[in-house]
Trainee: 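Submitted below is the structure of interest, expressed as C-alpha cells.
Predicted model only: the values in this text are computed from it and were never measured.
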Amino acid sequence: MQIIKNANVLSESGEITVKHIIIENDKIKEIVDGNNDLSQWTDQTDMVLDAQNKLVTPGFIDMHVHLREPGFEHKETIETGTRSAVKGGYTTIASMPNTRPVTDNPGTVGLVKEKAKQAGYAKVLPYGAITVGELGQQLTDFKALKEAGVIGFTDDGVGVQSAQMMKDAMKKAALLNMPVIAHCEDNSLVEGAFFTEGEFTRKHGLKGIPNESEAIHVGRDILLAEATGVHYHVCHVSTEQSIRLIRQAKQLGIHVTAEVCPHHLLLSDEDIPGLDANWKMNPPLRSPRDVKACIEALEDGTIDIIVTDHAPHSAEEKARGIEAAPFGIVGFETAFPLLYTKFVLSGQWSLGMLVKRMTSDPAAVFGLEAGRLEPGAPADITIIDLNQEKVVDPEQFATKGRNTPFAGWKLKGWPVMTLVDGQVVWSEAAAHTTFTK
C-alpha cells in the first residue's frame with residue numbers, strides 16, 4: 001500500500017481541494033479528505049509521499065507519439081522515449097507505426113510492447129499501420145493486428161492517398177469496432193515544400209504547403225466515415241478549414257474526433273526566426289488565423305484532445321539544412337508547462353480544462369481505463385509543482401532529441417513526480433516531495 005498525502009486535487013467543479021490518496025494493488029483504493037487521520041493506513045503502508053502544495057492529477061495521456069524503435073534507435077529508443085514521457089508527466093502513450101520495420105504485423109507489435117514493458121516507464125499502446133509498409137498499396141491484416149494489441153490503425157507520417165483504400169480500411173476497422181487515425185495530407189499539393197504557404201515562405205521565396213493539403217483529406221475522410229460508420233480520428237489538426245469541416249461533421253452526428261499539438265496552439269509561421277530546421281514540422285506552423293481557430297476549437301470541444309506528436313531526430317539530421325532535415329520536434333517534457341504558462345496563468349483557460357484535455361478526454365475518446373483520479377482507477381498519477389519556474393534547456397531532456405523551437409522559454413508548472421501503477425517511475429530530486437515510511 002502507498003499513500004500520497006496532502007495532495008491538491010481538482011474537484012469536478014474545478015476547485016482545488018486537499019486529499020489523501022490511498023493506493024493498493026496498482027489501483028487507487030480510496031481518496032479521503034485532507035483533514036482525515038491517516039493512522040488507520042500507515043501501519044500497512046510501504047511508502048508515504050507528501051505532495052504538499054503540489055497539484056496531483058491523473059497521469060497524462062498522449063495519443064500521438066513517435067518512439068522510433070525499431071529501426072531508428074539513433075533518434076530515440078523505446079526506453080529513452082518512455083523515460084522522457086514520464087518526465088513530462090505522461091503515463092500512457094500511443095506509438096505511431098512509421099518505424100523500420102513498419103508496425104504492420106503482429107511480430108513488430110509484440111516487440112514494441114515487450115520493449116516498453118522492459119523499460120518500465122510509461123504504458124505504450126501501439127498503433128498498427130493501415131497499409132503494408134505504409135506504402136498505400138495493400139491493407140494490413142486488421143484482425144491480426146487487433147489481436148496483437150494495437151489501439152487503432154494509422155499510416156501516420158503519410159496520408160492515405162487513395163480514397164478507395166481509405167474507405168476499405170474504414171469498413172474493416174468498423175467491423176472490428178476499431179478507430180482509424182488519419183494523417184491528412186494530399187501529396188500532390190505539398191511536394192517540395194517545407195513551411196506553410198504564407199508570410200514566411202513569401203519572404204524567403206519558398207514554395208509553401210497550402211492549408212487545403214490537409215483539409216481536402218479531412219473532408220474526404222469525413223464523408224467516408226459517414227458512409228462506413230467508423231470512428232474517425234484526425235491527427236494534429238492545424239488549419240481553420242479542417243476545423244470548419246470537423247465542427248460540421250460533429251453537428252451532423254458523424255463519429256469524428258480530433259487532436260491538436262501545443263506548437264499549433266502557441267506558434268504561427270510569423271514566429272519562425274529563419275531557416276532553422278528546429279522549426280520544420282509536419283503539419284507546418286500555420287497562420288495566426290489558424291492558430292486562433294485551433295485554440296477556439298479546443299475550447300469549444302470541436303478538437304477533443306491535446307497530443308504532442310513527439311518526434312525526435314538526431315542533431316546531425318536537423319543540421320542538414322531546411323531541404324534535407326526531417327520534419328518534427330520533441331514534445332513530452334515541455335507540453336504541460338507551455339500550455340499552463342500560456343493559457344492558464346493568463347486566465348484564458350481554467351486549470352481543469354487543460355488537465356481534462358490531457359487526461360480524461362483522451363481516455364474517453366479511445367475507451368481507455370486511464371485518465372481518472374478515483375477509486376478503482378489505475379494508480380497512474382502525475383504530481384506537478386505549479387509554482388516551479390524553469391527555462392527550457394534541451395540539454396537536460398531525457399529524450400535523445402534536442403529538436404525544439406521552445407529552447408530558452410521561461411515556463412511555470414513542471415511535473416516533478418510520476419507514478420505508474422502506484423510505483424514512482426520518475427521524480428525530480430529538487431522537488432522537495434518527501435518520502436517517509
Side-chain angles (χ1 to χ4, degrees), residues 62-88 90 92-105 107-129 133-135 154-158 181 183 185 194 235-236 261-264 275-285 307-335 392-407 426:
D62 191 343
M63 296 305 297
H64 190 138
V65 318
H66 298 270
L67 296 179
R68 303 304 189 197
E69 188 177 9
F72 300 109
E73 288 83 357
H74 65 287
K75 301 174 188 277
E76 190 81 288
T77 64
I78 290 170
E79 181 178 8
T80 60
T82 54
R83 185 169 71 234
S84 175
V86 296
K87 186 177 180 185
Y90 289 94
T92 299
I93 59 177
S95 60
M96 289 297 173
N98 57 335
T99 50
R100 289 294 179 272
V102 170
T103 311
D104 60 4
N105 63 87
T108 308
V109 174
L111 172 70
V112 171
K113 292 175 69 176
E114 182 57 31
K115 288 270 188 177
K117 184 179 178 182
Q118 289 173 3
Y121 294 112
K123 297 172 180 176
V124 175
L125 308 174
Y127 286 113
E134 290 198 335
L135 297 174
T154 181
D155 270 7
D156 184 63
V158 289
I181 296 88
H183 174 114
E185 186 175 40
F194 314 109
C235 287
H236 39 49
C261 305
H263 43 277
H264 291 125
L275 297 176
D276 178 350
N278 284 326
W279 294 73
K280 179 182 177 181
M281 59 204 72
N282 192 12
L285 298 175
V307 301
T308 66
D309 194 8
H310 176 79
H313 297 288
S314 71
E316 292 76 19
E317 289 168 322
K318 278 293 190 178
R320 290 175 185 165
I322 286 300
E323 291 193 19
F327 291 96
I329 64 172
V330 294
F332 284 141
E333 298 172 52
T334 54
V392 176
D393 179 3
E395 294 307 312
Q396 301 302 313
F397 287 169
T399 172
K400 284 189 176 185
R402 301 289 180 264
N403 45 311
T404 176
F406 299 112
W426 180 81

Trainee: So how far is it from His74 NE2 to Ser314 OG, rounded to the nearest 0.5 Å?
Mentor: 5.0 Å

Trainee: Can you tell me if Lys280 uses its side chain to pair, donor with acceptor, with the backbone of Lys318 under 3.5 Å?
Mentor: no

Trainee: Using side-chain heavy atoms (C-beta onward) and a distance below 4.5 Å, is Pro101 in contact with Pro70?
Mentor: yes

Trainee: Between atom CD1 of Ile329 and atom OG1 of Thr334, what is the distance when rounded to the nearest 0.5 Å?
Mentor: 7.0 Å

Trainee: Quick one: OG1 on Thr80 to OH on Tyr121, what's the gap to the nearest 0.5 Å?
Mentor: 10.0 Å

Trainee: Checking the side chain of Asp155 only, and the main-chain atoms of Val158 only, is there a donor and an acceptor separated by less than 3.5 Å?
Mentor: no

Trainee: With rounding to the nearest 0.5 Å, note down the distance linking OG1 in Thr154 to OH in Tyr127.
Mentor: 7.5 Å

Trainee: Can you check whether Phe332 reaches Lys87 side chain to side chain, under 4.5 Å on heavy atoms?
Mentor: no

Trainee: Is there a donor-acceptor contact under 3.5 Å from the side chain of Asn403 to the main chain of Ala311?
Mentor: yes

Trainee: Applying the side chain to side chain contact (heavy atoms under 4.5 Å, CB included) test to Ser84, which of Thr399, Val65, Val330, Leu67 qualifies?
Mentor: Thr399

Trainee: Looking at His66, His183, Glu134, which hits side chain to side chain donor-acceptor pair (under 3.5 Å) with Asn98?
Mentor: His66

Trainee: Please enumerate all residues that pass ring-ring contact (aromatic ring centres under 6.0 Å, His included) together with His264, with sequence neighbours excluded.
Mentor: none

Trainee: Taking side chain as C-beta onward, heavy atoms only, is Val112 less than 4.5 Å from Ser95?
Mentor: yes

Trainee: Does a side-chain heavy-atom distance below 4.5 Å link Asn282 with Glu185?
Mentor: yes

Trainee: Could you go step by step and tell me if Val392 and Phe397 meet the side-chain contact (heavy atoms from CB on, under 4.5 Å) rule?
Mentor: CA-CA 9 Å; Val392 176; Phe397 287 169; 3.9 Å; yes

Trainee: Looking only at heavy atoms, what is the nearest atom pair of His310 and Gly331, with distance?
Mentor: ND1-N, 3.1 Å

Trainee: Which atom pair, heavy atoms only, marks the closest approach of Thr308 to Pro262?
Mentor: CA-CD, 4.2 Å

Trainee: Out of curiosity, Ile93 CD1 to His64 NE2, how far, rounded to the nearest 0.5 Å?
Mentor: 12.0 Å

Trainee: Considering all heavy atoms of both residues, which atom of Lys113 and which atom of Pro126 are nearest to each other, and what is their separation?
Mentor: CG-CG, 3.7 Å

Trainee: Keeping Asp104 on the side-chain end and Ala129 on the backbone end, is there a donor-acceptor pair under 3.5 Å?
Mentor: no

Trainee: Holding to ring-ring contact (aromatic ring centres under 6.0 Å, His included), I want the full list of residues that pass it with His313, two or more places apart in sequence or in another chain.
Mentor: none

Trainee: With sequence neighbours left out, which residue pairs that include part of residues 67-76 fulfil the salt bridge (Lys or Arg N to Asp or Glu O under 4.0 Å) condition?
Mentor: Glu69-Lys115, Lys75-Glu317

Trainee: Please report the interatomic distance CE(Met281) to CG(Asp309), rounded to the nearest 0.5 Å.
Mentor: 9.5 Å

Trainee: Heavy atoms only: give me the nearest Phe327-Phe194 pair and the separation to one decimal.
Mentor: CE2-O, 3.7 Å

Trainee: Take atom CD of Glu114 as the centre, draw a 6.0 Å sphere, and report whether it contains more than 12 heavy atoms from other residues, nucleotides or ligands.
Mentor: yes

Trainee: Work out which heavy atom in Thr404 is nearest to a heavy atom in Pro394; give both atom names and the distance.
Mentor: CG2-CG, 3.7 Å

Trainee: Apply the test side-chain contact (heavy atoms from CB on, under 4.5 Å) to residues Thr92 and Leu125: give CA-CA distance (whole Å), side-chain angles for both, the deciding distance (0.1 Å), then the verdict.
Mentor: CA-CA 7 Å; Thr92 299; Leu125 308 174; 3.6 Å; yes

Trainee: Whether the side chain of Lys400 engages the backbone of Pro312 through a donor-acceptor N/O pair (distance < 3.5 Å, no angle test) should be reported.
Mentor: no

